[in-house]
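Keep in mind the model is a prediction, meaning the values are calculated, not measured.
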Amino acid sequence: MSASAAGPAAPALVCAFAVTRTPPDPAGLAAARGHEEGGALRVLRAGDLCLVVQDVPAALFGEEALTERLNRPEDLERCARAHHRGVEAAAGRGPVVPLPMATLYRGDRTAELAVAARRPVLDTLLDRLRDRTEWAVKVHAAEAGPGAPADTGGPAGPGSGGRAYLSRASARRRERQGAHGRALAEAEAVDAALRSHAVAATRHRPQSERLTGRRAPQLLNVAYLVEDARRADFTAALARFTAGRPHPGVRVEASGPWIPYSFARWDEDPRPGQDQEAPS
């Protein structure tokens, strides 16, 4: 969440969604919804750049009120969905730089100055993102089948003295470590193959098993920036991993194309081809 000089005393705040050079279609913008509590989406000019914004009430979007709301999962999801709708509305006619969720300003002039201050970065990003989209790929270790050896937790059966039990436990541990190492190598092979068809890639922190709902760990969580002209090559390579499964030790999931959120961070250096280890 990014808040710029937003205080609860102001009667209204300006919530900014995205920056573009090509103003969205007026009819499409009028039909789009941002935050339910705010006014209509509108375009704010900052030189030859367009900022899609919405007036929102300070009583709900001031720093303290917003922090409290975003600590509630249902309000956080509602805010994230509203932000994405605003970004989509801005992206109707050309590349956009999505701003962080809940980017707030005290008024139009403050928003215009913020865009002007970041003009070189925004120009570089808009050039970089033209005719490119993001694809999200998650690689998990394959879950053990029903025939996998189980760890019983204690000695049992013939020859189950303490030394024999420790030997079996050590063997099981080595087997698990070996399987994990092989899965990691296969995940890296998937990543290397997909990178050859992408302009850039950004690694996010792998999600926990609690979030994925899987028993097997997530090994890689990667976003790829792909040229529209090379999309067929990228998706063909992706299909080999999601359907063909040439690497039996991993399972690959993918989604896209998306607006390239992962490659449009206006607070970072957007050098072409830069590969980042992004925060989760």
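- Under a 4.0 Å N-O distance rule, the pair Asp48/Arg21 does not qualify as a salt bridge.
- If you check the side chains of Thr212 and Gln218, you find no donor sitting under 3.5 Å from an acceptor.
- Between Arg132 and Glu227 there is a salt bridge, since at least one side-chain N of the basic residue sits less than 4.0 Å from a carboxylate O of the acidic one.
- Leu66 has its side chain out of reach of Leu60: every pair of non-hydrogen atoms, C-beta onward, lies at least 4.5 Å apart.
- The closest side-chain heavy-atom distance from His140 to Pro217 is not below 4.5 Å.
- Looking only at atom types and distance, the side chain of His197 has a donor-acceptor partner in the side chain of Arg230 under 3.5 Å away.
- Taking 4.5 Å as the limit, some side-chain heavy atom of Pro98 sits within range of a side-chain heavy atom of Ile259.
- Looking at Gln54, its side chain never comes within 3.5 Å of a backbone N or O of Val14 through a donor-acceptor pair.
- The shortest distance between side-chain heavy atoms of Arg128 and Phe263 falls below 4.5 Å.
- Counting heavy atoms from C-beta on, the side chains of Leu70 and Cys79 come closer than 4.5 Å.
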- salt bridge (charged side-chain N to carboxylate O under 4.0 Å, His left out) between Glu77 and Arg81, worked out: CA-CA 6 Å; Glu77 181 179 357; Arg81 290 182 182 277; 3.0 Å; yes
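- A donor-acceptor pair is defined here as one N or O able to donate and one able to accept, closer than 3.5 Å; such a pair exists between the side chain of Thr242 and the backbone of Leu238.
- A salt bridge between Glu188 and Arg203 is present, with a side-chain N of the basic residue lying under 4.0 Å from a carboxylate O of the acidic one.
- Interatomic distance, Asp131 CG to Leu129 CG, rounded to the nearest 0.5 Å: 10.5 Å.
- Taking a cutoff of 4.0 Å between a charged side-chain nitrogen and a carboxylate oxygen, Asp108 and Arg45 do not qualify as a salt bridge.
- Ring planes of His35 and Phe61: perpendicular class, angle over 60° (limits at 30 and 60°).
- When side chains are defined from C-beta on, Val87 counts as touching Tyr261, because their heavy atoms get closer than 4.5 Å.
- Comment: Arg85 does not engage Glu88 in a salt bridge, judged by the lack of any side-chain N to carboxylate O separation of less than 4.0 angstrom.
- With respect to the salt-bridge test (charged N to carboxylate O, under 4.0 angstrom), the residues Glu186 and Arg251 do not qualify.
- Side-chain contact between Val115 and Glu112 is absent, with no heavy-atom pair separated by less than 4.5 Å.
- Between Val43 and Pro24, the closest side-chain pair of non-hydrogen atoms falls below 4.5 Å.
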